[in-house]
Amino acid sequence: MRVYNFSAGPSTMPVEVLETIQKELLDTDGAGYGHMEGSHRAKPYEAVNNDAQALLRELLNIPENYYILFLQGGATQQFEAIPLNLLGKNNKADYFDCGHWATRAATLAKPYADVNIVASSKEAKYTYVPSVENLPIRPDAAYLHVTSNNTIFGTRMTKYPKTNLNMIADMSSDILSRPINVADFAVIYAGAQKNMSCAGLTTVIVRKDLVDNDYTMPICPSIMKWKTHADANSLYNTPPTFAVYVLLRMLQWLKGKGGVEGIQIQNEAQAKRFYDYVDNSKMFSNPVNKADRSVMNLIFHAQTPELEAQFVAEAKEAKIVSIKGHKSVGGLRASFYNAVTDEMVDYLLNFMREFERKHLNECK
Ligand code: PMP
(Lines give C-alpha, C1' and ligand atoms only; values in the text may rest on other atoms or scores of the structure.)
Protein backbone atom coordinates (compact mmCIF):
# COMPACT_ATOMS: atom_id res chain seq x y z
CA MET A 1 0.00 0.00 0.00
CA ARG A 2 1.55 3.30 -1.04
CA VAL A 3 0.97 6.28 1.22
CA TYR A 4 0.86 10.01 0.53
CA ASN A 5 4.46 10.83 1.28
CA PHE A 6 5.40 14.50 1.74
CA SER A 7 8.91 13.86 3.06
CA ALA A 8 11.53 16.62 2.80
CA GLY A 9 14.11 14.10 1.70
CA PRO A 10 14.71 11.38 0.79
CA SER A 11 11.35 11.96 -0.81
CA THR A 12 8.63 10.44 -2.90
CA MET A 13 9.57 9.42 -6.44
CA PRO A 14 7.36 9.20 -9.54
CA VAL A 15 5.56 5.84 -9.60
CA GLU A 16 6.38 5.50 -13.32
CA VAL A 17 10.10 5.75 -12.53
CA LEU A 18 9.83 3.27 -9.66
CA GLU A 19 8.02 0.81 -11.91
CA THR A 20 10.67 1.15 -14.61
CA ILE A 21 13.40 0.54 -12.04
CA GLN A 22 11.51 -2.43 -10.65
CA LYS A 23 11.27 -3.95 -14.13
CA GLU A 24 14.93 -3.28 -14.84
CA LEU A 25 16.30 -4.45 -11.51
CA LEU A 26 17.36 -7.87 -12.77
CA ASP A 27 18.39 -6.81 -16.26
CA THR A 28 18.92 -3.23 -17.40
CA ASP A 29 19.24 -2.47 -21.12
CA GLY A 30 20.24 -6.05 -21.92
CA ALA A 31 23.28 -6.09 -19.62
CA GLY A 32 21.93 -9.20 -17.93
CA TYR A 33 22.16 -7.50 -14.55
CA GLY A 34 20.87 -4.36 -12.87
CA HIS A 35 22.87 -1.33 -11.68
CA MET A 36 22.86 -2.41 -8.04
CA GLU A 37 25.22 -5.18 -8.99
CA GLY A 38 27.23 -3.97 -11.97
CA SER A 39 30.88 -2.98 -12.14
CA HIS A 40 31.42 0.77 -12.41
CA ARG A 41 34.23 -0.02 -14.86
CA ALA A 42 31.98 -2.01 -17.21
CA LYS A 43 30.36 -0.66 -20.39
CA PRO A 44 26.76 -0.57 -19.10
CA TYR A 45 27.71 1.82 -16.29
CA GLU A 46 29.88 3.89 -18.57
CA ALA A 47 26.76 4.57 -20.64
CA VAL A 48 24.72 5.47 -17.55
CA ASN A 49 27.43 7.84 -16.28
CA ASN A 50 27.78 9.62 -19.61
CA ASP A 51 24.07 9.68 -20.48
CA ALA A 52 23.10 11.08 -17.06
CA GLN A 53 25.69 13.86 -17.43
CA ALA A 54 24.54 14.65 -20.98
CA LEU A 55 20.86 14.77 -20.04
CA LEU A 56 21.50 16.88 -16.96
CA ARG A 57 23.53 19.23 -19.14
CA GLU A 58 20.63 19.44 -21.60
CA LEU A 59 17.88 19.94 -19.00
CA LEU A 60 19.73 22.61 -17.01
CA ASN A 61 21.45 24.17 -20.05
CA ILE A 62 24.85 23.63 -18.46
CA PRO A 63 27.53 25.21 -20.67
CA GLU A 64 30.45 23.11 -21.88
CA ASN A 65 32.86 24.95 -19.60
CA TYR A 66 31.39 23.22 -16.53
CA TYR A 67 32.25 19.77 -15.18
CA ILE A 68 29.43 17.63 -13.83
CA LEU A 69 30.62 15.43 -10.96
CA PHE A 70 28.75 12.52 -9.38
CA LEU A 71 30.05 12.15 -5.84
CA GLN A 72 29.18 10.68 -2.47
CA GLY A 73 29.20 12.41 0.92
CA GLY A 74 26.09 14.57 0.63
CA ALA A 75 25.81 18.33 0.44
CA THR A 76 27.33 18.32 3.92
CA GLN A 77 30.62 17.02 2.56
CA GLN A 78 30.59 19.84 0.02
CA PHE A 79 30.25 22.36 2.88
CA GLU A 80 33.90 21.48 3.61
CA ALA A 81 34.95 20.62 0.06
CA ILE A 82 34.08 24.17 -1.07
CA PRO A 83 36.62 25.99 1.12
CA LEU A 84 39.16 23.20 0.67
CA ASN A 85 38.92 23.47 -3.12
CA LEU A 86 38.76 27.23 -3.42
CA LEU A 87 40.75 28.89 -0.63
CA GLY A 88 44.30 27.87 -1.57
CA LYS A 89 45.26 31.38 -2.61
CA ASN A 90 42.83 33.53 -0.64
CA ASN A 91 41.06 32.48 2.55
CA LYS A 92 38.23 35.03 2.54
CA ALA A 93 34.79 33.50 2.03
CA ASP A 94 31.45 35.34 2.15
CA TYR A 95 28.17 33.64 3.06
CA PHE A 96 24.54 34.70 2.63
CA ASP A 97 22.63 33.24 5.58
CA CYS A 98 18.97 32.49 4.98
CA GLY A 99 18.46 29.31 6.96
CA HIS A 100 19.72 26.26 8.78
CA TRP A 101 21.74 24.76 5.92
CA ALA A 102 23.24 28.10 4.95
CA THR A 103 24.43 28.50 8.54
CA ARG A 104 25.79 24.99 8.50
CA ALA A 105 27.73 25.68 5.29
CA ALA A 106 29.32 28.78 6.87
CA THR A 107 30.06 27.03 10.17
CA LEU A 108 31.78 24.09 8.51
CA ALA A 109 33.91 26.48 6.43
CA LYS A 110 35.22 28.26 9.54
CA PRO A 111 38.22 25.98 10.23
CA TYR A 112 39.54 26.82 6.74
CA ALA A 113 38.23 30.27 6.02
CA ASP A 114 37.91 33.83 7.19
CA VAL A 115 34.10 33.72 7.04
CA ASN A 116 32.00 36.85 6.62
CA ILE A 117 28.19 36.71 6.82
CA VAL A 118 26.91 39.31 4.34
CA ALA A 119 23.26 39.10 5.44
CA SER A 120 21.11 36.99 7.73
CA SER A 121 17.43 36.64 8.58
CA LYS A 122 18.19 34.73 11.76
CA GLU A 123 16.71 37.48 13.97
CA ALA A 124 13.31 36.84 12.32
CA LYS A 125 13.64 33.05 12.59
CA TYR A 126 14.41 32.92 8.87
CA THR A 127 10.86 33.84 7.86
CA TYR A 128 12.16 35.89 4.95
CA VAL A 129 15.11 35.99 2.58
CA PRO A 130 17.31 39.06 3.11
CA SER A 131 17.56 41.57 0.27
CA VAL A 132 20.32 40.77 -2.20
CA GLU A 133 20.94 44.47 -2.93
CA ASN A 134 23.85 46.44 -1.46
CA LEU A 135 25.34 43.55 0.46
CA PRO A 136 28.66 44.14 2.26
CA ILE A 137 30.37 41.58 0.03
CA ARG A 138 34.16 41.83 0.28
CA PRO A 139 35.42 42.53 -3.24
CA ASP A 140 38.54 40.50 -2.53
CA ALA A 141 36.78 37.41 -1.14
CA ALA A 142 37.32 34.11 -2.96
CA TYR A 143 33.60 33.39 -3.27
CA LEU A 144 30.06 34.14 -2.12
CA HIS A 145 27.95 31.20 -0.97
CA VAL A 146 24.14 31.18 -1.23
CA THR A 147 21.38 28.63 -0.58
CA SER A 148 18.65 28.71 -3.22
CA ASN A 149 15.91 27.03 -1.18
CA ASN A 150 15.62 26.65 2.57
CA THR A 151 14.25 23.20 3.21
CA ILE A 152 13.51 23.75 6.90
CA PHE A 153 12.16 27.32 6.93
CA GLY A 154 10.22 27.10 3.67
CA THR A 155 11.76 30.07 1.87
CA ARG A 156 13.51 30.40 -1.47
CA MET A 157 15.67 32.93 -3.24
CA THR A 158 14.06 34.46 -6.31
CA LYS A 159 16.93 36.88 -6.98
CA TYR A 160 20.64 36.43 -6.56
CA PRO A 161 23.22 39.03 -5.61
CA LYS A 162 24.94 40.79 -8.48
CA THR A 163 28.60 40.23 -7.79
CA ASN A 164 31.90 39.77 -9.55
CA LEU A 165 32.79 37.07 -7.04
CA ASN A 166 32.44 33.40 -7.84
CA MET A 167 28.98 32.52 -6.57
CA ILE A 168 28.47 29.06 -5.09
CA ALA A 169 24.92 27.76 -4.66
CA ASP A 170 23.59 24.93 -2.55
CA MET A 171 20.55 23.90 -4.63
CA SER A 172 19.89 20.64 -2.77
CA SER A 173 16.21 21.23 -2.28
CA ASP A 174 15.14 22.90 -5.51
CA ILE A 175 17.49 21.85 -8.30
CA LEU A 176 15.54 20.89 -11.44
CA SER A 177 12.35 22.51 -10.10
CA ARG A 178 12.77 25.78 -12.05
CA PRO A 179 15.10 27.10 -14.75
CA ILE A 180 18.40 28.61 -13.64
CA ASN A 181 21.13 30.45 -15.48
CA VAL A 182 24.10 28.22 -14.72
CA ALA A 183 26.57 30.84 -15.94
CA ASP A 184 25.58 33.06 -12.97
CA PHE A 185 27.23 30.50 -10.69
CA ALA A 186 30.76 29.18 -10.34
CA VAL A 187 29.60 26.06 -8.52
CA ILE A 188 26.17 24.50 -8.04
CA TYR A 189 25.81 21.48 -5.82
CA ALA A 190 22.95 19.35 -4.60
CA GLY A 191 22.26 16.19 -2.67
CA ALA A 192 20.17 14.00 -4.95
CA GLN A 193 17.59 12.72 -2.51
CA LYS A 194 14.89 15.31 -3.26
CA ASN A 195 14.46 16.13 -6.95
CA MET A 196 17.18 14.08 -8.56
CA SER A 197 17.45 10.50 -7.39
CA CYS A 198 17.57 8.32 -4.31
CA ALA A 199 20.01 9.10 -1.49
CA GLY A 200 23.73 8.47 -1.90
CA LEU A 201 24.56 10.80 -4.77
CA THR A 202 25.74 14.42 -4.66
CA THR A 203 26.02 16.34 -7.89
CA VAL A 204 28.56 19.13 -8.26
CA ILE A 205 28.47 21.38 -11.32
CA VAL A 206 31.69 23.37 -11.32
CA ARG A 207 33.23 25.81 -13.78
CA LYS A 208 36.25 24.17 -15.35
CA ASP A 209 38.72 27.01 -14.73
CA LEU A 210 38.19 26.66 -10.96
CA VAL A 211 39.26 23.04 -11.15
CA ASP A 212 41.97 23.30 -13.76
CA ASN A 213 43.74 26.28 -12.14
CA ASP A 214 44.73 25.00 -8.79
CA TYR A 215 42.93 26.89 -6.03
CA THR A 216 42.97 23.87 -3.73
CA MET A 217 44.27 24.23 -0.18
CA PRO A 218 47.38 22.08 0.38
CA ILE A 219 45.61 20.19 3.18
CA CYS A 220 42.72 19.17 0.91
CA PRO A 221 42.50 15.35 0.87
CA SER A 222 42.57 13.80 -2.64
CA ILE A 223 39.09 12.34 -2.23
CA MET A 224 37.69 15.83 -1.54
CA LYS A 225 39.34 17.43 -4.56
CA TRP A 226 36.98 18.18 -7.43
CA LYS A 227 39.98 17.76 -9.77
CA THR A 228 40.45 14.17 -8.66
CA HIS A 229 36.89 13.38 -9.74
CA ALA A 230 36.84 15.61 -12.82
CA ASP A 231 40.01 13.96 -14.19
CA ALA A 232 38.45 10.53 -13.67
CA ASN A 233 35.00 11.37 -15.10
CA SER A 234 33.57 10.60 -11.62
CA LEU A 235 35.17 7.14 -11.63
CA TYR A 236 38.11 7.79 -9.30
CA ASN A 237 36.67 5.32 -6.81
CA THR A 238 33.35 3.49 -6.76
CA PRO A 239 30.60 6.04 -7.43
CA PRO A 240 27.03 5.57 -6.13
CA THR A 241 26.20 3.59 -9.26
CA PHE A 242 22.59 2.76 -8.48
CA ALA A 243 21.78 6.36 -7.54
CA VAL A 244 23.32 7.60 -10.81
CA TYR A 245 21.23 5.08 -12.75
CA VAL A 246 18.12 6.27 -10.86
CA LEU A 247 19.10 9.85 -11.72
CA LEU A 248 19.18 8.94 -15.40
CA ARG A 249 15.66 7.49 -15.22
CA MET A 250 14.45 10.55 -13.26
CA LEU A 251 15.93 12.89 -15.87
CA GLN A 252 14.27 10.96 -18.68
CA TRP A 253 10.98 11.23 -16.80
CA LEU A 254 11.51 14.96 -16.28
CA LYS A 255 12.23 15.46 -19.97
CA GLY A 256 8.89 13.79 -20.71
CA LYS A 257 7.23 16.34 -18.40
CA GLY A 258 8.55 19.22 -20.49
CA GLY A 259 11.84 19.57 -18.59
CA VAL A 260 12.36 22.14 -15.87
CA GLU A 261 10.14 24.67 -17.64
CA GLY A 262 7.31 22.13 -17.75
CA ILE A 263 7.64 20.98 -14.16
CA GLN A 264 7.94 24.57 -12.93
CA ILE A 265 4.37 25.22 -14.10
CA GLN A 266 3.13 22.23 -12.10
CA ASN A 267 5.20 23.19 -9.03
CA GLU A 268 4.06 26.82 -8.98
CA ALA A 269 0.41 25.87 -9.46
CA GLN A 270 0.49 23.29 -6.67
CA ALA A 271 2.18 25.67 -4.23
CA LYS A 272 -0.26 28.45 -5.11
CA ARG A 273 -3.24 26.22 -4.34
CA PHE A 274 -1.72 25.26 -1.00
CA TYR A 275 -0.82 28.80 0.09
CA ASP A 276 -4.18 30.20 -1.11
CA TYR A 277 -5.96 27.70 1.10
CA VAL A 278 -3.68 28.26 4.11
CA ASP A 279 -3.96 32.07 3.82
CA ASN A 280 -7.76 31.83 3.89
CA SER A 281 -7.94 29.19 6.57
CA LYS A 282 -9.09 29.96 10.13
CA MET A 283 -6.89 27.20 11.51
CA PHE A 284 -3.72 27.03 9.46
CA SER A 285 -1.17 29.74 8.81
CA ASN A 286 2.21 30.26 7.19
CA PRO A 287 4.68 32.72 8.75
CA VAL A 288 6.83 33.30 5.67
CA ASN A 289 7.05 36.59 3.77
CA LYS A 290 4.84 35.93 0.74
CA ALA A 291 7.40 36.85 -1.90
CA ASP A 292 9.94 34.44 -0.39
CA ARG A 293 7.76 31.37 0.02
CA SER A 294 9.24 28.12 -1.16
CA VAL A 295 7.48 26.12 -3.83
CA MET A 296 9.21 22.93 -2.66
CA ASN A 297 8.88 22.98 1.14
CA LEU A 298 5.61 24.43 2.40
CA ILE A 299 5.54 25.00 6.11
CA PHE A 300 2.36 25.63 8.08
CA HIS A 301 1.09 25.89 11.63
CA ALA A 302 -2.15 24.87 13.27
CA GLN A 303 -2.44 27.37 16.17
CA THR A 304 -1.36 25.05 19.01
CA PRO A 305 1.20 22.26 19.35
CA GLU A 306 -1.66 20.01 20.53
CA LEU A 307 -3.61 20.59 17.33
CA GLU A 308 -0.48 19.96 15.31
CA ALA A 309 0.12 16.67 17.10
CA GLN A 310 -3.51 15.74 16.46
CA PHE A 311 -3.05 16.70 12.80
CA VAL A 312 -0.03 14.42 12.42
CA ALA A 313 -1.88 11.54 14.11
CA GLU A 314 -5.00 11.89 11.96
CA ALA A 315 -2.87 12.36 8.84
CA LYS A 316 -1.19 9.06 9.54
CA GLU A 317 -4.59 7.36 9.77
CA ALA A 318 -5.37 8.89 6.37
CA LYS A 319 -2.12 7.49 4.90
CA ILE A 320 -0.39 10.91 4.87
CA VAL A 321 3.19 10.64 6.15
CA SER A 322 6.22 12.88 6.83
CA ILE A 323 4.12 15.99 7.36
CA LYS A 324 5.79 17.17 10.58
CA GLY A 325 8.05 20.21 10.56
CA HIS A 326 11.79 19.72 11.04
CA LYS A 327 12.58 18.80 14.64
CA SER A 328 14.49 22.06 15.15
CA VAL A 329 11.48 24.27 14.34
CA GLY A 330 8.35 22.19 14.98
CA GLY A 331 5.08 22.94 13.19
CA LEU A 332 4.10 21.17 10.00
CA ARG A 333 5.66 20.89 6.56
CA ALA A 334 4.60 19.40 3.25
CA SER A 335 7.30 19.00 0.64
CA PHE A 336 6.04 19.29 -2.93
CA TYR A 337 9.06 18.17 -4.93
CA ASN A 338 8.76 17.46 -8.66
CA ALA A 339 7.35 13.97 -8.11
CA VAL A 340 4.37 15.18 -6.06
CA THR A 341 1.28 14.84 -8.25
CA ASP A 342 -1.80 17.07 -8.44
CA GLU A 343 -3.76 14.15 -7.02
CA MET A 344 -1.51 14.08 -3.93
CA VAL A 345 -2.00 17.82 -3.44
CA ASP A 346 -5.80 17.45 -3.80
CA TYR A 347 -5.78 14.66 -1.26
CA LEU A 348 -3.76 16.68 1.25
CA LEU A 349 -5.88 19.81 0.82
CA ASN A 350 -9.10 17.85 1.22
CA PHE A 351 -7.72 16.29 4.37
CA MET A 352 -6.73 19.71 5.73
CA ARG A 353 -10.18 21.17 4.96
CA GLU A 354 -11.85 18.28 6.71
CA PHE A 355 -9.51 18.58 9.70
CA GLU A 356 -10.24 22.29 9.94
CA ARG A 357 -13.99 21.67 9.82
CA LYS A 358 -13.78 19.02 12.56
CA HIS A 359 -11.46 20.87 14.94
CA LEU A 360 -12.18 24.55 14.39
CA ASN A 361 -13.99 24.86 17.73
CA GLU A 362 -10.75 23.83 19.48
CA CYS A 363 -8.97 26.89 18.06
CA LYS A 364 -8.50 29.99 20.14
N1 PMP B 1 21.48 21.68 2.05
C2 PMP B 1 20.13 21.68 1.96
C3 PMP B 1 19.44 22.85 1.34
C4 PMP B 1 19.41 20.59 2.46
O5 PMP B 1 18.07 20.58 2.38
C6 PMP B 1 20.10 19.50 3.04
C7 PMP B 1 19.39 18.27 3.56
N8 PMP B 1 18.08 18.34 3.78
C9 PMP B 1 21.49 19.55 3.12
C10 PMP B 1 22.14 20.65 2.60
C11 PMP B 1 22.27 18.44 3.74
O12 PMP B 1 22.28 17.38 2.88
P13 PMP B 1 22.96 15.98 3.17
O14 PMP B 1 22.20 15.37 4.29
O15 PMP B 1 22.77 15.26 1.87
O16 PMP B 1 24.38 16.22 3.50
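Read the numbers this way: they start at 1 and go in the same order the structure lists the ligands and their atoms. Each residue takes its place number in the sequence, starting with 1.
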Mind checking whether Phe311 and Phe351 have parallel, tilted or perpendicular rings, split at 30° and 60°?
perpendicular
Considering only non-hydrogen protein atoms, determine which one is nearest to atom 16 (O) of ligand 1 and report residue, atom name and distance to 0.1 Å.
Thr76 OG1, 2.5 Å
Starting from atom 6 (C) of ligand 1, find the nearest protein heavy-atom neighbour and note its residue, name and distance.
Trp101 CE2, 3.5 Å
Tell me whether the guanidinium CZ or amine NZ of Lys208 lies under 6.0 angstrom from the six-membered ring centre of Tyr67 and within 45° of its axis.
yes
Counting heavy atoms only, which part of Gln193 comes closer than 4.0 Å to ligand 1: side chain, backbone, both or neither?
side chain
Tyr189 and ligand 1 - part of the residue with a heavy-atom distance under 4.0 Å
neither
In terms of atom number and element, which parts of ligand 1 are under 4.0 angstrom from non-hydrogen atoms of Phe79?
10 (C)
Looking at ligand 1, is there an atom of it that comes within less than 4.0 Å of some heavy atom belonging to Gly191?
no
Cation-pi check, Arg293 onto Tyr275 ring (under 6.0 Å, within 45° of axis):
yes
Please report whether ligand 1 has a polar contact with Ala75, defined as an N or O pair separated by less than 3.5 Å (distance criterion only).
yes
Return the orientation label for the Phe274 and Phe336 ring planes: parallel under 30°, perpendicular over 60°, tilted otherwise.
perpendicular
Using atom types as modelled and distance alone, determine if a side-chain donor or acceptor of Asn91 lies under 3.5 Å from a backbone N or O of Leu87.
no
Using a 4.0 Å cut-off to any heavy atom of Gly74, which atoms of ligand 1 qualify?
15 (O), 16 (O)
For the residue pair His35 and Tyr33, does the interplanar ring angle fall in the parallel (under 30°), tilted (30 to 60°) or perpendicular (over 60°) class?
perpendicular
Can you tell me how the ring of Tyr95 sits relative to the ring of Tyr143, calling it parallel under 30°, perpendicular over 60° and tilted otherwise?
perpendicular
Taking atom 1 (N) of ligand 1 as the reference point, the nearest protein heavy atom with its distance:
Asp170 OD2, 2.6 Å
Should the ring pair His100 and His326 be called parallel, tilted or perpendicular, given that the plane angle runs from 0 to 90° and is split at 30 and 60?
tilted
Do Lys194 and ligand 1 have an N or O pair less than 3.5 Å apart?
yes
Nitrogen or oxygen atoms of Thr151 and ligand 1 under 3.5 Å apart:
yes
